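Remember, it's a predicted structure, so these values are computed and weren't measured experimentally. Throughout, numbering of the chain's residues begins at 1 and tracks the sequence.
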Amino acid sequence: MDIDVTVKPLIGHQECAEIGYNPSKPGRPSHTYHSYLMAGLRLVLDVNVEAGNKSQANTTLPSTTAS
């Protein structure tokens, strides 16, 4: 399974838009799309839309804390 993160710069005020890593438009709010795919099958399993400050792939990995 591959995890791909895409940054989408936004214009105006949109829900959950945060200023984060954005190489093309620094300082602007953005959303990040976390895509989960099986590249060999060309199958998209899921896509999560997160705030712009959650651009690392590890922010959407399952928690490994034990109780």
> For S35 and V47, which heavy atoms make the closest approach, and how far apart are they?
Replying inline: OG-CG2, 4.0 Å

> For L45, which residues count as a side chain to side chain contact (heavy atoms under 4.5 Å, CB included) partner, sequence neighbours excluded?
Replying inline: M1, Y36, M38, L43

>> Less than 4.5 Å apart, side chain to side chain, heavy atoms only: is that true for E50 and H31?
In response: no

> Would L37 and Y33 show up in the same hydrophobic cluster when neighbours are defined by side-chain heavy atoms closer than 4.5 Å?
Replying inline: yes

